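Residue numbers count from 1 along this sequence. Because only heavy atoms are used, hydrogens play no part in the values below, and waters and symmetry mates are left out as well, while side chains stay in. As the structure is a computational prediction, the values presented were derived from the model and not from experiment.
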Amino acid sequence: MRKGWARIQVPYSNLISTKTVSVIIAARNEELNIRRTIESILNQNFPKELLELIIIDDHSDDNTSAIVKEYIESGVKLIQLNENGRMNSYKKLAISRAIDCCRGEIVITTDADCRMGPNWLATVIGTFEKEDAYLLSSPVVYSEEKSFFERLQTLEFLYLIGLGAAGIGNGKPTTCNGANLAYRKDIFKQMGGFKGIDELASGDDELFLHKVAEKYPERIAFCKSEDAIVYTDAKPDLGSFISQRRRWASKSTRYKNKGVIALGIAIWLFNVLLLLAAILAITGGKTLGWVVLFALLLKITVEFLFIQPLTNFAKRATLLWYLPILSLAHILYLAYIGILGNVGKYDWKGRQVK
């Protein structure tokens with residue numbers, strides 16, 4: 001995986017964008033964040049005539065729509081969902097509805113609580129055109145942490161972004177993040193949009209990536225540039241963190257690539273067995289205790305070898321001091337979330353979904 005990350009070339013600085021772009025944001029009760037995100041996008045160093053910003057208000061009961069309307073004269077478009085019946089994936093519906101009426105040749109999805117540097121759009125779209133990509137994944141990084149717990153999340157999240165990038169670098173795309181994802185509008189239509197994956201609340205990013213990868217794996221790329229980073233916030237407490245990761249884990253058994261599912265199960269089993277071995281060692285298995293210690297040291301070493309260049313990329317190398325703590329916490333977290341993410345319903349922005 002480290003080789004996969006190393007294979008990805010840093011894009012040139014003199015990238016030129018020529019295609020029309022539609023940035024799409026599905027927002028629900030985001031009055032505290034949406035203004036900052038809109039300003040970040042409107043202030044991009046990108047030709048205004050090529051840019052379209054569409055925000056879909058997903059049944060907000062706060063001032064989200066009112067804030068978006070303040071920017072209509074700046075060219076921001078607002079779509080308000082008004083669905084009477086119950087469904088499971090409002091976000092996929094929101095994105096699909098925006099794509100149906102957008103004018104961009106390239107669609108970029110991001111979230112209503114994200115921040116971007118002024119060269120974000122030019123870098124992403126320039127790389128998209130240079131790579132002649134059908135789908136381009138770009139980095140997402142947590143920032144402005146307020147606690148030790150949030151800094152741990154930042155380090156853990158770098159794993160996820162790095163694994164997605166490394167998979168693409170190895171020619172085997174597995175994961176991406178919808179907060180910074182670009183794809184051709186015609187490819188979205190060709191793939192049938194979210195048809196076949198619309199029964200799950202989550203998966204507008206990874207499951208769609210798998211649809212494209214099944215037919216065009218060589219046309220998927222990753223933008224390895226600091227200018228392409230989208231910044232967002234870690235979860236403030238354990239409850240919201242578990243809810244988010246449970247939502248993400250709910251996709252894990254729905255991948256078309258059975259090899260990815262098998263790998264996920266193997267990782268889960270490794271952590272469950274390590275946890276059980278540690279419990280047995282504590283209750284009197286001295287020899288088993290040395291085996292567990294060796295496995296933990298090996299785990300931390302391998303994780304360090306992978307995460308170190310990623311922390312350098314994100315300019316967060318000081319987070320490596322948290323790696324031993326995160327590695328231990330991972331054992332409990334993965335064993336728990338692996339089960340919880342695939343059973344029952346969970347709460348997502350005030351809705352019970354599956």
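- Ion pairing between Lys69 and Asp57 fails under the 4.0 Å rule for side-chain N and carboxylate O.
- Between Thr37 and Ile25 there is a side-chain heavy-atom pair separated by less than 4.5 Å.
- A side-chain donor-acceptor contact under 3.5 Å links Ser225 to the backbone of Asp227.
- Proximity of a side-chain donor or acceptor of Trp268 to a complementary backbone N or O of Ala335 within less than 3.5 Å is detected.
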(message) Would Thr20 and Glu52 count as a side-chain hydrogen bond (donor to acceptor under 3.5 Å, both in side chains) here? Give the steps.
(response) CA-CA 8 Å; Thr20 52; Glu52 176 184 50; over 6 Å; no
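- The residues Asp233 and Arg115 are annotated as salt-bridged, a charged nitrogen and a carboxylate oxygen being separated by less than 4.0 angstrom.
- Without hydrogens or angle criteria, Asp237 side chain to Gly239 main chain gives a donor-acceptor distance under 3.5 Å.
- When the shell of 6.0 Å around NZ of Lys172 is examined, it contains 12 or fewer heavy atoms from other residues, nucleotides or ligands.
- Counting non-hydrogen atoms of neighbouring residues, nucleotides and ligands closer than 6.0 angstrom, the CD atom of Glu73 reaches no more than 12 such neighbours.
- Under the 6.0 Å cut-off for aromatic ring centres, Trp5 and Phe313 qualify, their centroids lying closer than that.
- Dense packing is recorded around NZ of Lys48, with more than 12 heavy atoms of other residues, nucleotides or ligands lying under 6.0 Å away.
- Listed here is the closest heavy atom pair of Val124 and Ala182: CG1-CB, 4.3 Å.
- Here the closest non-hydrogen pair linking Ser137 and Leu181 is CA-CD1, 4.1 Å.
- Taking all atoms of both residues into account, the shortest heavy-atom contact from Leu305 to Arg2 is O-NH1, 2.6 Å.
- At a cut-off of 3.5 Å, with distance as the only test, a side-chain donor of Glu303 or Ser327 sits close to an acceptor on the other residue.
- Panel note: side chain Glu129, backbone Lys19; a donor-acceptor pair is recorded below 3.5 Å.
- One finds the CG atom of Leu273 at 11.5 Å from the CD1 atom of Ile331 (value rounded to the nearest 0.5 Å).
- For the pair Phe306 and Gly162, the tightest heavy-atom approach, listed with the atom from each and the gap, is CZ-C, 3.4 Å.
- Residues Phe128 and Val21 fail the side-chain proximity criterion, which asks for heavy atoms closer than 4.5 Å.
- For the atom pair NE2 of His330 and CD of Glu156, the computed distance is 4.0 Å after rounding to the nearest 0.5 Å.
- Among all heavy-atom pairs drawn from Ala179 and Val140, the shortest one is CB-CG2, 4.0 Å.
- Tracing side-chain contacts under 4.5 Å through hydrophobic residues (I, L, V, M, F, W, Y), one never reaches Leu328 starting from Leu297; they form parts of separate clusters.
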(message) If you apply the rule ring pair (Phe, Tyr, Trp, His ring centres under 6.0 Å), what do you find for Tyr333 with Phe241, and how did you get there?
(response) CA-CA 11 Å; Tyr333 151 63; Phe241 170 80; 5.5 Å; yes
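- Listed for the Glu145 side chain is no donor-acceptor partner under 3.5 Å among the backbone atoms of Arg151.
- The hydrophobic clustering, which links ILVMFWY residues whose side-chain heavy atoms are closer than 4.5 Å, places Leu332 and Ile267 apart.
- Proximity of a side-chain donor or acceptor of Lys211 to a complementary backbone N or O of Met191 within less than 3.5 Å is detected.
- The side-chain heavy atoms of Phe194 and Ile95, taken from C-beta on, include a pair separated by under 4.5 Å.
- Formation of a donor-acceptor pair under 3.5 Å by the Asn180 side chain with backbone atoms of Ala228 is found in this model.
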(message) salt bridge (Lys or Arg N to Asp or Glu O under 4.0 Å) for Asp58 and Arg97? Distances and angles first, verdict last.
(response) CA-CA 11 Å; Asp58 178 8; Arg97 193 156 292 177; over 6 Å; no
(request) Please assess Glu30 against Thr64 for the test side-chain hydrogen bond (donor to acceptor under 3.5 Å, both in side chains), listing each intermediate value before the final yes or no. (result) CA-CA 6 Å; Glu30 293 285 1; Thr64 297; over 6 Å; no
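- In this structure, Phe208 and Tyr183 have tilted ring planes: the angle between them lies in the 30° to 60° band.
- Within the model, atoms CZ of Arg36 and CD1 of Ile41 stand 13.0 Å from one another, a figure rounded to the nearest 0.5 Å.
- Under 4.0 Å is where a charged nitrogen must lie from a carboxylate oxygen, and between Arg219 and Asp132 at least one such pair does.
- Taking 4.0 Å as the cut-off between side-chain N and carboxylate O, Arg35 and Glu39 do not count as a salt-bridged pair.
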(request) Take Asn119 and Asn45, measure what side-chain hydrogen bond (donor to acceptor under 3.5 Å, both in side chains) needs, and give me the verdict at the end. (result) CA-CA 6 Å; Asn119 296 317; Asn45 294 327; 2.9 Å; yes
(request) Kindly indicate, with the supporting measurements, whether the criterion side chain to side chain contact (heavy atoms under 4.5 Å, CB included) is fulfilled by Phe222 and Thr127. (result) CA-CA 9 Å; Phe222 184 86; Thr127 303; over 6 Å; no
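- How far OH of Tyr322 is from CD1 of Ile307: 14.5 Å, rounded to the nearest 0.5 Å.
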(request) For side-chain hydrogen bond (donor to acceptor under 3.5 Å, both in side chains), just list the numbers for Tyr134 and Gln190, CA-CA rounded to whole Å, side-chain angles, deciding distance to a tenth of an Å, and then say yes or no. (result) CA-CA 11 Å; Tyr134 285 177; Gln190 183 188 131; over 6 Å; no
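- Asp62 has no carboxylate O lying under 4.0 Å from a charged side-chain N of Arg28, or vice versa, which leaves the two without a salt bridge.
- In this structure, Phe270 and Lys299 have side chains that are in contact, with non-hydrogen atoms separated by less than 4.5 Å.
- Residues Leu152 and Ile300 are members of one and the same hydrophobic cluster, defined by side-chain heavy-atom contacts under 4.5 angstrom among Ile, Leu, Val, Met, Phe, Trp and Tyr.
- Put simply, the side chain of Ile161 does not reach to within 4.5 Å of the side chain of Val141, judged on heavy atoms.
- Cluster annotation: Ile168 is connected to Leu160 through the hydrophobic network of ILVMFWY side chains, with a link wherever side-chain heavy atoms come within less than 4.5 Å.
- Side-chain contact between Asn177 and Val230 is absent, with no heavy-atom pair separated by less than 4.5 Å.
- Looking at heavy atoms from C-beta onward, Leu296 lies in side-chain contact with Leu274 at the 4.5 angstrom threshold.
- Checking side-chain atoms of Thr109 against main-chain N and O of Gly178 turns up a donor-acceptor pair under 3.5 Å.
- Judged by distance alone, with hydrogens and angles left aside, the side-chain atoms of Thr175 form no donor-acceptor pair with the main-chain N or O of Gly164 at under 3.5 Å.
- Salt bridge annotation for Lys235-Glu150: absent, with no cationic side-chain nitrogen under 4.0 angstrom from a carboxylate oxygen.
- Transitive grouping of hydrophobic side chains (ILVMFWY, heavy atoms separated by less than 4.5 Å) keeps Leu51 and Ile72 in distinct clusters.
- Checked for salt-bridge contact, Arg184 and Glu105 miss the test: no charged N lies under 4.0 Å from a carboxylate O.
- In this structure, the side chains of Phe46 and Ser17 come closer than 4.5 Å at one or more pairs of heavy atoms.
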